[in-house]
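Keep in mind that the numbers below use all heavy atoms, side chains included, and drop hydrogens, waters and symmetry copies. Each chain gets a letter, A, B and so on, in the order the sequences are listed, and its residues count up from 1.
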Amino acid sequence: MFFRIMDKSRVLDLVAGLSQDFEVLGPVSKGDAFVYQRIDDPADLRLDYDTTLLPPKKLFFPPEEQMMRFRVADNEVVDDEVYAAPRVIFGLHPCDINGLLLMDNVFLRDYVDPYYKARRDSTLIVGVSCTPQESCFCNAWNTDEVHWGFDIFLTDLGDRYFVSVRSVKGAELLDDHVETRPITDADTAEFQRVAREFEAGFSDELNTSQLPLLLDAKFESPIWDELGERCLSCGACSMVCPTCYCFDVIDRLEPDQKTGVRIRKWDSCQFTEFASVAHGQNFRESRASRVKYRYYHKQWGYLSKFERVLCVGCGRCARACLAGISPREVVTALEAGGVGE
Amino acid sequence: MAPRVVVIGLASDFGCQVQMTNIEDDLLDVLGLIDLQYWQLASSGHMPDSYDVAIVEGAVTTLEHIATLERVRATASAVIAIGACAVTGGIPALASHGRLEERYSLVYGDGPSVAPGRIKPQAVDSVIDVDYRIPGCPIDMGEFVQVLSRALQGLSDHLPQEPLCAICKTKENVCFYERGEVCLGVLTRTGCDARCVSLGRPCTGCRGLAEDANLESALRLLDERGIDTSDVLVRARLYNTLEEAFTR
Amino acid sequence: MTAYQELQQNPYRPWPARITSIIDLTEQERLFELRIIDDGVREAFEFTSGQFVELSIFGVGEAPISISSAPSKQGFIELCVRNAGDVTGALHRKQCGDVVGIRGPFGRGFPFEEMKGNDVLLVAGGLGIAPLKSLINHIHDDRHDFGKVTILYGAKNPSEILFRYQFDMWKHRDDFDLILTVDDPDESWGDEVGRVTRLFDMIDIEPENTYGAICGPPVMYKYVIEEMRNKAMDVDKIYVSFERRMKCGIGKCGHCGVGHQYACIDGPVFNFWEAMNLQEAI
């Protein structure tokens, strides 16, 4: 990896330059919150955002997408092409870049998912450093840092950005669109100071030791019943999660019933029917079992395959949950043996 | 042979039948699939004696409605209830809270007897088995076409069970509760694409309570947030007979 | 691009297959024989007993169905399907010659090669015979590679016994020990009565070289495994097959989670040691 320094004021140049060749997306404000959106005016880009309502997964794995068009008469696929225009997503925080890397394990390994892959392949990522918020706990999973999964990454040093360049395309983006200079020892020292300050900014350290084992050892714990009583089974946690990838597949016929589209849409393991089979058996009928499964899969199921937990500590689920259920609380409860309200 | 379809209305403002005429582009395609034998709003003829699919709008408010529905159930192989009135009792069922007769005399005085044989307003499925339900006030035409299509294919009712919050999150709406305002989405059956909330209005619950909803927890949580839960319940009554929900 | 290459680009794309035969097995179950239409795709379709396909009927949806025919049967696959949901209902309305879609084969099947040289004890309950039928027929076609083969099959009543036309003949064979049982016999029933677990008193096995294969309703596993353990069979030689909700079949949609695994790619066949380590599996 090599590094450059870019004056902060140059960001607008970079975005404007990129817009000539790419669709550029990034965080913009929506009321008091932020959302990833197409950037038509570089001034709309809000690199000072805290977090976005939906994570960038929506740009790779949309809430609802067409998988294929079909013809009923001969049960044939008419079209399953995936169209993905070249684009740059500007301003991803380390947690969200890590979130995409975790999604990659699911969608880009065995049985490569062509829809996700097409969008991933056509997208360049520009990351940006962040400030720990009250709800953040990325430090618990080491997802507060990111070492790959971006083309360039901008670390805020006050008046300038310390630019990490990861890919050839990233280097080209810089060369083509913006003026930068080499780093000095003073820049590196400041980079280190900022990193230490960032680390110190987290509100607490979450004790995650032996979590997968605890999930099994405390599988019958009353913690889950307490959480199940509170859970609203609304699925908001899954929707806003940068790493929840479950989906449902639905066929929709056109009004003439001759052709139709097979679509997929985000699903949630918190919904009653998520694990029920045609004969009527439901393998997770109680709310408690469903809440438990969400954590069991994230902290152990996924880990058993990919050696990482399926959480990046972004805190979105905790913010979205009306019942106030958060990974931080659940992990702490498992550690301590009870839900502390 | 195209399935023979009838559309009948009970107690309602016929809004959902009007909505059916709004399919516009798709209307001819849909009509091409069915043999529409009677449409209360649009036909001058009489109900035929024999048909395959009955689409029922409106709440049950009289003994005559019960007799009609029993005939419908004995005749049709598929019954589709459309709109909040038919599915949850809707607005007419507001009258079922408290003393019904007093309400009638309040509105109509002691004059000529209106609605002879009147009964407590209720949903269609409290009288007969319903195969397909399309909730909402008014119904969504996209959903209507999809459900009609499922009915014609003999597929199961595909009514969503979960509350609105999930789809609302995908629309990136800021939750009303974050602003201390009441929104019934957390209790209400999804399937409407969170249209009202996306337009800046809280959910009024027109699609009825979601099977998955956790009423007890929701009310407790709202109470903890300092929200007057009796007000929430009053709002929820607009489209729901809550007593049944709590004993469900 | 050939059809095969096209299909490899998209694992969600169903392969058109023609229904070449339909046999009514019971009131609710039919056996569908399918032939993949494209030659290249058909030749590339190789599976092991215990694997499943996603059956795809456009306009209705998809459902995972285990393959009932043996891998040794070339060019065709058989699916034993109960009319239980929208997709299976739509399949039941199809006729011979109609085209449906299939994707697969998916999942991990029974360890056929590893089982060779050993005795096999197969226990099926109800529709659970569907995936085991593939294994039974495969063993049949490779019979000299196996020791003693015992099949215990239970159903609610005689009219729900699947593949009865075959099993009635097999009862008289020397190379298979087949015992049928029903909970509710009728006057014509001449076989056993009671739960399938009761049949364990009637069989002798050599535990050190016997593989077990179990498939049936979820409530059955615990009791059958208990019987096998009572016979001192090894936990890692007892194989079970799980049915779960699935949307994709390829480890993405998340619906088939069983414990920390996915039934679609890690199963649906697990040995009992693995299954014991899957929360809420048995």
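Proximity to chain C (any heavy atom under 4.5 Å) is shown, for A:R252, by neither the backbone nor the side chain. Neither the backbone nor the side chain of C:P64 comes within contact range of chain A, judged by heavy atoms closer than 4.5 Å. Looking at C:D266, only its side chain comes within 4.5 Å of chain A, counting heavy atoms on both sides. With a 4.5 Å cut-off on non-hydrogen atoms, C:C248 touches chain A through its side chain but not through its backbone. Using a 4.5 Å cut-off between heavy atoms, A:S304 contacts chain C through its side chain alone, with no backbone atom that close. For C:T88, no part sits under 4.5 Å from any heavy atom of chain A, backbone or side chain. C:V60 touches chain A through its backbone: at least one of N, CA, C or O sits under 4.5 Å from a heavy atom, while the side chain does not. If you measure heavy-atom distances from A:Y296 to chain C, the contacts under 4.5 Å come from the side chain alone. Of the atoms belonging to A:Q281, it is side-chain heavy atoms, and not backbone ones, that fall under 4.5 Å from chain C. Interface remark: A:K305 contributes side-chain atoms only to the contact with chain C (heavy atom separation under 4.5 Å).
Ring planes of C:F58 and A:F70: parallel class, angle under 30° (limits at 30 and 60°). Using cut-offs of 30° and 60° for the angle between ring planes, the A:F247 and C:Y12 rings count as perpendicular.
Note that SG of C:C253 and CZ of A:F274 are 6.5 Å apart. Values are rounded to the nearest 0.5 Å. The structure places NE2 of A:H297 at 11.0 Å from CD of C:Q261, a figure rounded to the nearest 0.5 Å. In this structure, C:D98 CG and A:D74 CG are separated by 11.0 Å, a value rounded to the nearest 0.5 Å. Between the CG atom in A:N75 and the CH2 atom in C:W15 there is a gap of 15.0 Å [rounded to 0.5 Å]. Here the CD1-CG distance, from C:I265 to A:D110, works out to 7.0 Å after rounding to the nearest 0.5 Å. From C:N10, atom CG reaches atom CG of A:D113 across 8.0 Å, with rounding to the nearest 0.5 Å.
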Item to check | Residues C:Q279, A:Y293; criterion side-chain contact (heavy atoms from CB on, under 4.5 Å); working and verdict | outcome: CA-CA 10 Å; C:Q279 295 283 6; A:Y293 183 73; over 6 Å; no
Next on the checklist: Set out, in order, the CA-CA distance, both residues' side-chain angles and the distance that settles side-chain contact (heavy atoms from CB on, under 4.5 Å) for A:F283 and C:E280, then state yes or no.
Outcome noted: CA-CA 8 Å; A:F283 293 96; C:E280 298 176 323; over 6 Å; no
Item to check | Derivation and outcome, side-chain contact (heavy atoms from CB on, under 4.5 Å), residues C:K252 and A:C246 | outcome: CA-CA 7 Å; C:K252 317 272 189 247; A:C246 290; over 6 Å; no
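For the pair A:E76 and C:P16, the tightest heavy-atom approach, listed with the atom from each and the gap, is OE2-CG, 3.7 Å.
Judged by distance alone, the side chains of C:H255 and A:D248 never bring a donor and an acceptor atom under 3.5 Å apart.
When each of A:L253, A:V72, A:D80 is checked for heavy-atom pairs under 4.5 Å with chain C, A:D80 comes out on top. The most heavy-atom pairs under 4.5 Å with chain A, out of C:A84, C:C256, C:A63, come from C:A84. The candidate from A:Y302, A:Y115, A:F219 with the greatest count of non-hydrogen atom pairs under 4.5 Å with chain C is A:F219. Contact count versus chain C (heavy atoms, under 4.5 Å) is highest, among A:T259, A:D216, A:V112, A:V82, for A:D216.
Between the side chain of C:R245 and the backbone N or O of A:S276 there is at least one donor-acceptor pair closer than 3.5 Å.
Between C:K247 and A:D267, none of the side-chain N atoms (NZ, or NE/NH1/NH2) sits under 4.0 Å from a carboxylate O, so this pair counts as no salt bridge.
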